[in-house]
Structures are given as structure tokens and as C-alpha cells.
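Inspection log for the structure reproduced underneath, given as C-alpha cells.
In what follows, chains are A, B, ... by sequence order, proteins preceding strands, each numbered from 1.
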Amino acid sequence: IIGEEYRWPRMVPYYLEDDLEINAKGVILKAFEQYRLKTCIDFKPWSGEQNYISVFKGNGCFSSIGNRRVGKQTLSIGSGCDRLATVEHEFLHALGFWHEQSRSDRDDYVYIDWDQITEGKEHNFNKYNDSVSSFLNVPYDYGSVMHYSQKAFQSGSEPTIITRIPDFKETIGQRMEMSQSDVRKLHTLYHCNKGGSSTFLDSCDFETENICGMIQVSGEESRASWQRVSSAPGGPDTDYTQTGRCAGGGYFMHFSAVEPESSSQLESRFLYPKRGFQCLQFFIYNSGDSSDRLRIWTREFDLHDSNGTLRFIQEIYAPLSDAWHIQHVSLNTSKKFRVLFEAVAGKRTLGGLSIDDLNLWEGSCPEHVWRIRGFSGVMENTSVDSAIYSPRFTSSLGYSFQVSLYPNGTGSNPDELATFLHLTSSDDGDDENDDGLVWPAQWKQMSVTMMDQNPDIRQRMSNQRSVTTDPNMKLDGSEGFFWDDPRKVGELVTGEDGSRYYRGPGAGTKVFLSRPRALSRNFIKNGDSLFLLSMDDLSHLVAPQPLPSSTVPPPQTGSTVTGSPENRTTTVSSTSGFTNATTSTTTAIPASSSSSVTSITNSTLTTIPPSSSVSSSTEPPTDPCVSLQCENDGVCVLDEANLPVCRCAAGSDWWFYGERCEFRSSTHNLIVIAVISGVCVFVVMLMASGVTTYLCVRRQKRRATLPADWLF
Amino acid sequence: QAAPRGIEHDVDGGKQDLFDINEDAGLDLFEGDILFDEKLGRNS
């Protein structure tokens with residue numbers, strides 16, 4: 001929408017109303033993380049700002065367009081709206097975006113079949129001329145998260161929107177994440193080019209010769225080194241970025257050693273963290289020996305330490321395999337740092353280790369990865385209404401869980417992949433930490449993400465769905481609780497390895513992702529698909545979000561929708577726990593006990609955490625900078641007294657200043673001030689000169705007119 | 001290989017996207033999910 005008055009500040013204040021479902025609260029926080037990762041838009045709990053977004057559970061999913069400047073601006077995440085893409089969609093509305101097909105140029109790209117629209121619903125297909133709505137010089141995007149699907153508001157079975165490029169017919173109206181053009185428009189609208197995103201650090205697919213500014217350090221005596229190659233003797237034959245699809249492209253970094261036990265180090269460029277916890281993700285291939293390993297270090301720099309201090313993070317033994325494997329490593333540094341990859345050769349010198357598609361961001365790593373090899377074949381060869389099951393994974397919270405997937409859909413939705421999440425328990429009750437588990441499980445959010453394997457995390461449009469264990473949820477027609485111990489409410493099943501365990505009832509969706517969309521983008525790469533799985537504890541979101549201590553929320557105005565949340569009191573809750581970040585990171589390796597499907601392997605690699613120097617915490621470390629919100633892309637750092645201070649953004653001729661970088665100045669301002677000062681001085685001097693001259697002249701005249709005798 | 005199917009709760013009730021949800025909820029909002037605002041100076 002055109003008009004600066006509709007813009008929010010880049011740090012958007014929000015209030016999660018108490019009527020929201022707990023799962024919705026968790027999904028909203030996950031959506032905020034995506035905004036932080038991909039754009040310069042950030043969100044903060046409302047602390048008394050004049051305008052803020054109040055997210056509540058209305059009767060449906062809806063939002064206003066842009067900042068209406070009404071104080072409390074409502075945005076509804078009702079029942080069924082608690083999907084990542086839906087939340088991103090509604091917040092894009094709030095940030096000032098219309099639907100994609102309402103652009104002034106939409107008729108060049110889609111054909112609206114008015115005869116197929118339900119009578120009275122034609123208003124949903126408005127379009128706006130370019131004096132009201134700007135497409136910000138970004139081409140029409142069939143893949144926008146703001147686009148209707150082809151069946152929107154249809155009266156019969158025929159589509160209401162027909163794409164003029166047929167290839168997009170099945171994929172418009174995607175229910176995945178923001179597209180690259182959505183992100184680009186957001187960047188333009190909010191001038192993100194000056195600061196970049198909040199939590200992204202680096203991405204490298206090694207396609208360019210400068211290898212993203214990485215540097216190599218090898219011992220003088222060593223004849224081993226990292227090399228940028230497009231294939232390596234013994235494998236891999238192709239990289240992971242392009243998987244051999246482009247002649248003349250497709251590079252990765254390969255380490256091969258001439259001597260056993262030799263090593264070489266590859267260091268990233270300098271990185272400047274803001275948060276204190278990061279996730280490093282990359283793909284690894286081992287064509288050497290099972291004793292080859294990759295050690296991950298960080299080199300951290302203090303103010304007066306130019307050489308940096310090495311900190312050992314993790315050692316990874318990649319299995320000998322004919323495939324690339326995804327790997328996650330959790331980091332927790334608050335200082336300027338580099339990431340260091342040290343490859344160490346094993347006993348043999350043939351082949352070696354390779355890495356590709358590296359991403360580093362300030363967020364939590366997914367806990368587990370379920371890799372399905374030959375996924376296209378699995379989709380083709382699995383009958384409708386047939387599920388395949390992941391191995392059992394043990395979360396850092398102690399609960400074990402499992403995903404069921406219907407690759408060819410269910411009877412009621414045969415064109416949609418369906419997925420459900422189940423808690424599990426061992427038959428003999430010897431699960432680790434089993435004794436300490438609380439049943440029914442309380443507010444544990446399980447998330448399954450089908451990963452878009454684009455090499456750059458900022459361009460991924462993954463598909464995610466989460467469910468949260470409500471301890472009060474009943475089983476249909478029973479007094480039992482849905483999320484109770486699977487030994488009570490589940491069924492006894494036998495895994496592929498013969499182990500027996502109980503699988504609890506599942507919660508999930510029959511419309512996880514349509515088949516055409518699953519076959520689009522990079523959901524399947526090298527034939528494989530990756531499902532990222534996590535379990536987060538949302539107990540801290542059960543309590544109301546604290547209200548600002550001295551501010552009573554202003555009354556809501558300007559909206560015509562009913563169903564606003566209950567009136568809240570001004571009592572300040574003593575509970576805490578509302579943070580900007582999602583919780584739970586871990587380097588733990590899943591206990592993959594079994595799988596009922598032979599074509600599925602668990603891709604997680606064997607890793608050996610160091611004994612003392614690596615944080616094995618499952619929570620992000622406490623960050624002193626949480627208490628200090630730097631504005632305008634300022635970076636919070638710790639000073640010598642370990643106190644958080646803002647380091648403000650600056651350009652060649654401008655800079656921010658102030659305790660929170662809240663003020664802006666520039667050389668232009670200084671020039672203006674200098675010119676004005678100069679002019680003022682000049683005017684004052686001129687006036688002084690004028691007055692002096694006037695007085696002198698008058699005195700001369702008076703002397704000239706006096707009588708001669710008086711003079712003597 | 002198909003595995004036995006236990007209890008499954010569909011949290012989406014088969015509804016594919018937010019417009020289905022709003023329609024099912026009886027909402028008839030501006031362009032499906034936009035709050036009408038008189039300050040915009042237009043109606044549907």
C-alpha cells in the first residue's frame with residue numbers, strides 16, 4: 001500500500017493475547033524467527049509503544065493492511081490458522097501488503113474466470129491501480145505467499161484463477177513460506193538494504209572462486225589442503241548445490257590427504273553475532289575412511305586479541321557413503337568470531353571429506369533429521385491411505401516421538417501429503433529419562449518441516465506444521481487423555497529392527513503439502529527429501545504475556561470485525577518467559593531405534609561432543625544483550641565490563657547514535673549546520689560592521705558640523 | 001510398506017488454506033482475510 005503513514009518501525013511491537021492457542025503462540029514466534037532471518041523486520045513484546053499489533057484468536061485468520069495507527073491493531077490467528085505460512089501471510093498484510101493477484105498488472109499474468117466465482121464473492125478479486133498499490137519493481141510472482149490458490153472462491157470445480165504460464169497452475173496459492181520476491185518487496189518497502197537481516201550470518205555454496213571469503217590454514221609440513229572442485233576422485237562426482245545439473249558449475253570444498261593423520265583448516269571470514277547462539281548447517285560427504293573426521297572450532301576475538309582464541313565445538317565422523325548428508329552444529333558465541341573446519345585424515349589417504357551448501361544463522365538448530373531416500377519413488381509406489389513411519393527420535397525434553405507420513409495422501413485428500421506426530425514409549429519402559437516424564441505431556445510442540453533444499457537458507461520456502469500436546473485434550477469417546485503415556489493410550493508396534501514399542505495417537509494434518517508442490521522447488525534433491533523435526537517446550541507461553549508496567553492498552557478503534565479478545569486487566573503478571581526467540585537447541589544425536597520402512601535411513605551422522613568445552617545445554621545460553629534492544633540495525637556487544645552496549649550502524653556519510661542507536665545523523669546534516677552557523681556568524685558580523693560604520697560616520701558628521709571656536 | 005493405522009487427529013479438518021477456514025467460519029471479509037477500514041475510503 002502506498003503511503004509512508006502505513007509503515008511500522010522495523011522493530012514491530014506485538015502482544016500475544018491470552019486467548020490464543022498455545023500452539024498458535026509457538027507458531028507465531030517461529031514466524032517471527034523467519035522474518036528475522038530473511039528480512040530486517042524484527043518483533044518485540046509490546047512495552048508501551050503507541051501502536052502495536054495485538055494477535056488474538058478470532059473467528060478465522062485476518063489482518064488489516066499496514067500500520068493503521070489506531071493504537072491496538074488486531075490480527076487474528078484463529079483455529080486452524082496456526083500454520084507458519086498463514087501467520088507469515090497475515091503479518092505481511094499488517095506490514096502493508098495486499099494480495100499478489102490484486103496488483104495493477106495482474107491481468108498480464110493471470111486470467112480471472114468470473115463465471116466460476118461464487119456469486120457475491122467477486123469483490124475478492126479486486127485490483128488496485130498503481131497510485132494506491134505499488135509492486136515495488138518486483139515481477140509478478142505466482143509463488144508469493146500472498147497469492148490466492150486456483151480454487152479460491154470457486155462455485156464449482158473449475159479454477160477461478162488461471163495462470164497464463166501453465167507451469168504455475170498447480171503451485172499458485174502455496175501454503176509454504178515467503179517467496180524470494182515477498183522478501184525482496186519487504187526489503188524495498190522497509191529499506192532493509194542498509195542493515196540486512198537480524199539473524200542471518202553467512203551462506204556459501206562455493207560456486208564462486210572467492211569461496212565466500214574463506215581462508216585456508218595448513219601446517220607447513222602438511223601436504224593436505226582444502227580445494228574447490230566440481231568432483232573428487234573416489235567421490236563425490238557432483239556437488240550438492242546443483243547436483244550435476246549445470247555444466248561448468250557445481251563446486252564444493254574437498255579435503256584429501258596424501259599422508260595419514262594430516263590435517264587442514266578452512267576458516268570463515270569474520271562474523272559478528274548479535275544473539276549469542278547460532279546454528280551451523282552444511283552438507284558433508286565422506287569418500288575417504290571411516291576414521292576421517294571433521295572438527296568444528298570457533299576462533300573468537302576479544303577487543304584486544306587480534307589472534308583470537310580457538311574453542312573446540314564438535315567432532316564429526318561422517319559415514320562412508322555414496323550420498324551427501326546434512327549436518328547441524330549448535331554454536332554459542334557472543335564475540336566476533338570465525339568458524340573453522342578442520343579436516344583430519346584417517347588411516348587411508350584415498351578419497352576424503354567434502355562440504356557444500358553451508359548456512360550459518362542466529363537461531364536454533366533442528367533437533368533431528370529424517371531423510372527419505374528415493375522420495376519420488378516412495379510417492380509413486382505407496383498406495384493412498386498408506387503411512388510410512390520415521391524412526392523414533394528422543395527429544396532433548398526426554399520424550400520420544402515419531403512421524404507418520406502419507407506420501408500419496410489419504411482417502412479424503414489423495415493429492416495431499418499427510419503427516420501426523422506421535423509420542424512413543426518403550427515396551428519395557430527403559431527409555432532414558434522415562435521416570436521423570438510427566439503424563440499427559442504438557443505443552444510440548446512437535447514440528448515437522450519438509451525442507452526446501454535451496455542452498456541459501458534465506459531463499460528457502462519450506463513447509464512446516466506443528467502440533468502441541470494439550471494435557472487436557474481427551475481421546476474421542478474415552479476418558480483417556482490424548483497425550484497420555486503411549487503405554488496407556490497407544491498401540492504396541494514392532495519396529496524394523498524387531499524392537500517393540502508403544503505408539504500413541506497422532507495429531508497432524510491431511511493437507512500438509514500438495515503433490516505438485518512437493519515436486520516443485522528443491523523439496524526433492526538428488527532423489528531425497530529431508531524432514532526436520534523438533535520438539536520445543538511451550539510451557540512458558542501458557543501464562544499471559546506481561547503488560548507494560550505503566551501503560552494501559554488504548555482502546556481498539558477503526559476495525560469492523562467482531563470477536564475481539566476478552567478485556568484484559570491491567571494487572572502485571574509476574575511471569576516471564578516471553579522472549580523473541582524460540583527455544584531448544586541441541587547437538588544431541590537421535591536414538592534412531594527403528595523404522596518400519598526399509599527405504600528410509602536416518603541421515604544423522606555420528607558426532608562426538610567434546611568433554612568440557614562444548615555447551616550441551618538444551619536451552620540457548622543467557623544473552624546479556626536480550627535486555628538491550630539496539631534500533632536501526634545497531635549491534636549489541638559486550639564492553640570490557642561485560643555490559644551490553646549498542647554499536648550503531650554507520651555508512652560512508654551517515655551514522656546512528658544514542659544509547660539504543662535511536663538517533664540518526666549524517667555529514668549532510670553537519671554541512672547544513674556548518675553552513676547555517678557560517679551564515680549566522682556572517683550576518684552578525686555584517687550587522688556589527690554596519691553599526692560600527694554608522695556610528696563612526698555619525699561621529700564624523702557631528703565633528704564636521706561643530707562651530708570653529710568650539711574646536712579651539 | 002504400509003503400517004497399521006492408529007488414532008489420528010486432523011488439526012486442519014481437511015481445510016487447505018486460510019480462505020477455506022474463513023469461509024467455513026462464515027466470514028466474508030474484504031478479499032477473504034483483510035479487515036475493512038473506512039479510512040481506506042473504499043468498500044467491497
Side-chain angles (χ1 to χ4, degrees), chain A residues 59-65 68 74 78-81 83 86 89-90 93 98-99 102 121 123-124 126 148-149 151-153 173 175 382-383 385-389 404 412-413 416 418 420 422 465 467 475-476 482 490-491 493 503-511 558-561 596-598, chain B:
Chain A
N59 189 21
C61 338
F62 48 83
S63 168
S64 304
I65 304 290
R68 314 310 302 186
T74 54
S79 180
C81 307
R83 308 177 195 183
T86 302
H89 179 113
E90 297 307 334
H93 277 321
W98 300 103
H99 291 127
S102 68
K121 301 279 185 180
H123 65 82
N124 292 299
N126 287 342
Y148 285 174
S149 73
K151 296 177 179 174
F153 306 103
R175 305 185 302 274
T382 308
S383 57
D385 239 1
S386 293
I388 58 175
Y389 288 85
S404 62
S412 54
N413 297 83
E416 296 268 347
F420 294 88
H422 307 255
R465 194 71 172 98
V467 295
L475 277 168
D476 283 344
F482 194 93
E491 56 183 354
V493 295
R503 178 189 302 141
T509 176
K510 290 181 179 176
V511 290
S559 168
T560 60
V561 166
S596 60
V597 182
T598 54
Chain B
Q1 180 184 349
R5 189 172 170 180
I7 297 169
E8 287 165 346
H9 171 61
D10 183 0
V11 294
D12 290 326
K15 289 189 278 292
Q16 293 188 328
D17 61 21
L18 63 96
F19 302 105
D20 299 325
I21 293 166
N22 286 356
E23 199 165 10
D24 199 54
L27 287 177
D28 188 17
L29 291 171
F30 189 67
E31 292 188 12
D33 68 334
I34 298 174
L35 289 186
F36 177 74
D37 192 326
E38 290 178 2
K39 284 205 295 186
L40 285 174
R42 68 172 69 85
N43 58 42
S44 57

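- Highest contact tally toward chain B, considering only A:Ser404, A:Pro505, A:Gly78, is held by A:Pro505 [criterion: heavy-atom pairs under 4.5 Å].
- Residues meeting the side chain to side chain contact (heavy atoms under 4.5 Å, CB included) test with B:Asp12, sequence neighbours left out: A:Arg83, A:Arg465, A:Thr509, A:Val511, B:Asp10.
- Contact annotation for B:Leu18: both backbone and side-chain heavy atoms come within less than 4.5 Å of a heavy atom of chain A.
- Note: A:His123 and B:Phe30 have parallel aromatic rings, judged against thresholds of 30 and 60 degrees for the angle between ring planes.
- For A:Ser79, the part lying under 4.5 angstrom from a heavy atom of chain B is the backbone only.
- Donor-acceptor pairing under 3.5 Å is lacking for the side chains of A:Asp476 and B:His9.
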- request: Go through A:Phe62 and B:Ile34 one step at a time and tell me if the side chain to side chain contact (heavy atoms under 4.5 Å, CB included) criterion holds.
  value: CA-CA 6 Å; A:Phe62 48 83; B:Ile34 298 174; over 6 Å; no

message: Between B:Asp33 and A:His89, is the side chain to side chain contact (heavy atoms under 4.5 Å, CB included) condition met? List the steps.
response: CA-CA 10 Å; B:Asp33 68 334; A:His89 179 113; 3.0 Å; yes

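- For A:Lys151 and B:Asp20, the salt-bridge test fails: no basic side-chain N is under 4.0 Å from an acidic carboxylate O.
- B:Gln16 touches chain A through backbone and side chain together, each having a heavy atom under 4.5 Å away.
- A:Asn124 approaches B:Gly32 most closely through the heavy-atom pair OD1-N, 2.8 Å.
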message: As a quick check of understanding, evaluate side chain to side chain contact (heavy atoms under 4.5 Å, CB included) for B:Glu23 and A:Lys121, giving each step before the final call.
response: CA-CA 11 Å; B:Glu23 199 165 10; A:Lys121 301 279 185 180; 4.2 Å; yes

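- Residue contact with chain B, scored on non-hydrogen atoms closer than 4.5 Å, is absent for A:Ala152.
- When A:Ala507, A:Ser102, A:Ala418 are compared by the number of non-hydrogen pairs under 4.5 Å with chain B, A:Ala507 comes out ahead.
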Steps toward side chain to side chain contact (heavy atoms under 4.5 Å, CB included) verdict (B:Asp17, A:Tyr148): CA-CA 9 Å; B:Asp17 61 21; A:Tyr148 285 174; over 6 Å; no

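- Here the CG atom belonging to B:Leu27 is positioned 8.5 Å from the SG atom belonging to A:Cys61, to the nearest 0.5 angstrom.
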